[in-house]
Number of protein chains: 2
Amino acid sequence: MKSSEHGALTRNQELVYDALTDAKGPLSAYAILDGLREHGIRAPLQVYRALDKLLEFGLVHRLESLNSFVACSHPECDSRETMVFTICEKCGKVSELADKAIAGQLESLADLDHFALKAATVELRGFCQACQTASTQ
Amino acid sequence: MKSSEHGALTRNQELVYDALTDAKGPLSAYAILDGLREHGIRAPLQVYRALDKLLEFGLVHRLESLNSFVACSHPECDSRETMVFTICEKCGKVSELADKAIAGQLESLADLDHFALKAATVELRGFCQACQTASTQ
DNA sequence: CAATCAATGTTATTATATAACGGATTGGTA
DNA sequence: TACCAATCCGTTATATAATAACATTGATTG
Ligand SMILES: [Zn+2]
Ligand SMILES: [Zn+2]
Ligand SMILES: [Zn+2]
Ligand SMILES: [Zn+2]
C-alpha cells in the first residue's frame, strides 16, 4: 500500500516527491533539480534515481509526450499498469483519469495480436474545459 | 490521400521516409541522420524538418516512449488521431494496431472530463508473441 | 521582374538522460 | 561486535534528443 511505502522514502525520494506534489502539475527532471538546489540536490542523477524509485512505487507517473513527471493523483491506484492522462495543449493542464474499462479494452486488443500486455501509456491531447470556453467567447 | 502526397515529397522528406520504410522498425532521428550521411544529410535539423512534414502528412508516427519514429503501416489510415502501438520490451518489435473501438472509448472517456480530444497516443508495453514462446521453453 | 513563401544548409546551443566510479549507509547475521 | 550484502548516495563526464538563429536557395505568381 502506498501510505506505508511513503513513510519509507529516503531523503532524496522525499524531496523529489514533495516537489511534484507541491507543483500540482508535471515537472521535468531538470525543473525538479532547479527547485531542489537549495536543499542540497546538485546533479541530475540524484533526481533521476529518486524518480526511478518513485515510478517503481507507483507514486509518480511519467508523461512520455512531455518528458516530464507527475505525482499520482489516485491514492488508492496501485495498479501501475494503465494510466490515462489528458494534456491541454493550450494551458498545459494535465489530469489523470481513472478508468477500468479502457484497461480491459486495451487488454483484449493486445490479445488479438497475441501480445502479452504489461503496461499501457495513454496520453490524450486536446483542450481542457476552461480553455474551450475561453476560446469560444 | 496518401499516395498523392507521397509523390509530392521533397528530396529530404523522401530520403527520411525511405529510411523509415526500409528499416521496418522504429528509428531515432539521429539513427536516421547517421544512415543518410552518405546521401548528403549532415545536420539534425534536416532530419527533424523532414519528420515534421511527414508527421503532418500522416506518413510517419512518433513513438513518444521511445523518442523514435516509424512509417505508418496503414496505407489507408488518414485519421492521424488515434494510433495504438505495441512495443516488445525484449526484442524491440513495434506493431501499429488498427482499432476503431478504442478511439470511441477514449472519446467518451474524455467527454466525461469535458475534455475536447484532438489526438491520442496509446503505447502498449509487454512481450510479442515470439518472445513469449521463446521465454516459456 | 519583384514579391512571396516554402524548403534548405550551417553553426551553435539547449534539453534530456545515462555511464562509470567510489564512498556512505543500512540491515541482517555469524 | 565484526562481517557481509544490498542499497543509497555524490560527483564528473558523457551520450542522446531537440531547437534557435540566420543566411540562402528555389519555385510560384501577379
Ligand atoms: Zn496514478
Ligand atoms: Zn487548458
Ligand atoms: Zn498509421
Ligand atoms: Zn519480442
Side-chain angles (χ1 to χ4, degrees), chain A residues 4-20 23 25-57 59-70 87 89 92 94 121 123 125, chain B residues 4-20 23 25-57 59-70 87 89 92 94 121 123 125:
Chain A
S4 62
E5 290 169 347
H6 187 182
L9 292 183
T10 67
R11 173 179 158 77
N12 288 2
Q13 289 160 15
E14 187 80 41
L15 284 170
V16 170
Y17 183 61
D18 288 350
L20 284 173
L27 292 178
S28 74
Y30 280 75
I32 295 170
L33 172 59
D34 286 340
L36 293 178
R37 288 196 191 277
E38 58 190 7
H39 293 82
I41 302 293
R42 275 167 251 195
L45 256 197
Q46 296 177 280
V47 175
Y48 281 108
R49 287 200 277 229
L51 286 171
D52 283 345
K53 283 298 174 184
L54 294 169
L55 289 168
E56 188 182 316
F57 297 156
L59 290 171
V60 162
H61 302 303
R62 177 185 165 83
L63 288 157
E64 301 290 352
S65 63
L66 297 179
N67 290 329
S68 60
F69 304 85
V70 286
I87 303 171
E89 292 188 328
V94 169
T121 297
E123 299 182 14
R125 271 153 290 140
Chain B
S4 62
E5 289 168 347
H6 187 184
L9 293 182
T10 68
R11 173 178 159 79
N12 287 1
Q13 289 161 13
E14 186 80 40
L15 283 170
V16 170
Y17 184 62
D18 288 350
L20 284 172
L27 292 178
S28 73
Y30 280 75
I32 296 170
L33 173 59
D34 286 339
L36 293 179
R37 287 196 191 278
E38 58 190 6
H39 292 83
I41 301 293
R42 272 167 255 194
L45 256 196
Q46 296 177 281
V47 175
Y48 280 108
R49 287 200 277 230
L51 285 170
D52 282 345
K53 283 298 174 184
L54 293 169
L55 289 168
E56 189 183 316
F57 298 155
L59 290 171
V60 162
H61 302 303
R62 177 185 166 81
L63 288 158
E64 302 289 351
S65 63
L66 298 179
N67 290 329
S68 60
F69 304 84
V70 284
I87 302 171
E89 292 188 327
V94 169
T121 297
E123 298 181 16
R125 270 152 291 138

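Chain identifiers are assigned alphabetically (A, B, ...) following the order of the sequence lines, protein sequences preceding nucleic acid strands; residue numbering begins at 1 within each chain. The model shown is predicted, which means the values in this text are computed figures rather than measured ones.
B/Phe57 places a side-chain heavy atom less than 4.5 Å from the side chain of B/Leu9. Annotation: side chain of B/Arg37 is in contact with side chain of B/Asp34 (closest heavy-atom distance under 4.5 Å). Side-chain contact between B/Leu20 and B/Leu59 is absent, with no heavy atoms from C-beta onward closer than 4.5 Å.
As a whole-Å value, the separation of B/Phe69 CZ from D/dA17 P is 10 Å. Spacing between atom CD of A/Glu14 and atom C1' of D/dC8 amounts to 15 Å, rounded to whole angstrom units. Regarding B/Glu64, its CD atom lies at a distance of 13 Å from the C1' atom of D/dA17, rounded to whole Å. Atom pair A/Phe57:CZ and D/dT7:P shows a separation of 11 Å (rounding to whole Å applied). At whole-Å resolution of the value, CG in A/Leu66 and P in D/dA17 are 18 Å apart.
Residue A/Ile32 comes nearest to A/Val47 through the heavy atom pair CG2-CG1, 4.0 Å, listed as atom of the first residue, atom of the second, then distance. For the pair B/Ala29 and B/Leu51, the tightest heavy-atom approach, listed with the atom from each and the gap, is CB-CD1, 4.1 Å. Closest of all the heavy-atom pairs between A/Pro26 and A/Val94 is CG-CG2, 3.7 Å. Across every non-hydrogen atom of B/Arg62 and B/Glu64, the tightest pair is NE-OE1, 3.0 Å. Across every non-hydrogen atom of B/Asn12 and B/Ala50, the tightest pair is O-CB, 3.9 Å.
Projected onto DNA chain C by closest heavy-atom contact, B/Asn67 and B/Gln13 fall at different nucleotides, the more 5' of which corresponds to B/Gln13.
With no hydrogens or angles considered, a side-chain donor-acceptor pair links B/Ser65 and B/Glu123 at under 3.5 Å.
With values rounded to the nearest 0.5 angstrom, A/Leu66 atom CG is found 4.0 Å from A/Ile87 atom CD1.
Regarding contacts with the backbone of D/dC8, every side-chain N or O of A/Asn12 stays at 4.0 angstrom or more from both OP1 and OP2. The side chain of B/Ser28 contributes an N or O atom lying less than 4.0 Å from OP1 or OP2 of D/dA17.
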Anything under 3.5 Å between a protein N or O and an N or O of nucleotides 25-29 of chain D, put it in a table, one pair a line.
none

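If you check residues 35-50 of chain B against DNA chain D, the residues with a heavy atom closer than 4.0 Å are B/Leu45, B/Tyr48, listed by number.
A salt bridge is absent between A/Glu14 and A/Arg11; no separation between the charged side-chain nitrogens and carboxylate oxygens falls under 4.0 Å.
Once you apply a 4.0 Å limit to the heavy atoms of chain A, the touched nucleotides of DNA chain C run 5' to 3' over C/dT16 to C/dA20.
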